[in-house]
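Below is one structure, written out as structure tokens; the observations come after it.
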Amino acid sequence: MSVKEWTGEAVSKMHIYGISQTELAQKIGKSREWVCRVLNGKETPKEAPDIFMTAINEIISAKG
């Protein structure tokens with residue numbers, strides 16, 4: 001999955017479920033600025049898709 005594909009899916013889920021970059025950053029344990037750079041393709045850590053999608057899905061589950 002390309003960066004554009006997984007970030008698009010991540011941002012879409014964030015929008016649908018009302019997850020902010022700040023909320024996601026807190027869940028991941030990183031800064032909001034770092035989350036923003038990754039979602040905008042400015043940084044592309046290999047582990048990012050797994051980290052982001054796992055965190056997003058956990059937040060969605062917690063919101064019930």
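Here the structure is a predicted model, which means the values were calculated and not measured.
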Review point. Do S12 side-chain atoms and G8 backbone N/O form a donor-acceptor pair below 3.5 Å?
Key: no
Check your understanding: To the nearest 0.5 Å, how far apart are OG in S31 and CD in Q26?
Key -> 11.5 Å
**Study point:** Stepwise side chain to side chain contact (heavy atoms under 4.5 Å, CB included) check, R32 with L24
**Key:** CA-CA 8 Å; R32 187 200 61 77; L24 181 57; over 6 Å; no
Review point. Under 4.5 Å between any side-chain heavy atoms of M14 and Q21, yes or no?
Key: yes
Under 3.5 Å, which donor-acceptor pairs link side chains of residues 40-54 to any protein atom two or more places apart or in another chain?
unit_1: N40; atom_1: ND2; unit_2: C36; atom_2: O; d: 3.0
unit_1: E43; atom_1: OE1; unit_2: W34; atom_2: NE1; d: 3.1
unit_1: E43; atom_1: OE2; unit_2: R37; atom_2: NE; d: 2.5
unit_1: E43; atom_1: OE2; unit_2: R37; atom_2: NH2; d: 3.1
unit_1: T54; atom_1: OG1; unit_2: D50; atom_2: O; d: 2.7

Practice item. Evaluate the criterion side chain to side chain contact (heavy atoms under 4.5 Å, CB included) for residue pair I16 and I60; output intermediate values, then yes/no. Key: CA-CA 10 Å; I16 291 167; I60 291 168; over 6 Å; no
Review point. What salt bridge (charged side-chain N to carboxylate O under 4.0 Å, His left out) pairs are there with at least one residue in residues 10-30, not counting sequence neighbours?
Key: E23-K63, K27-E58
Check your understanding: By side chain to side chain contact (heavy atoms under 4.5 Å, CB included), which residues pair with S2, not counting sequence neighbours?
Key -> K4, E5
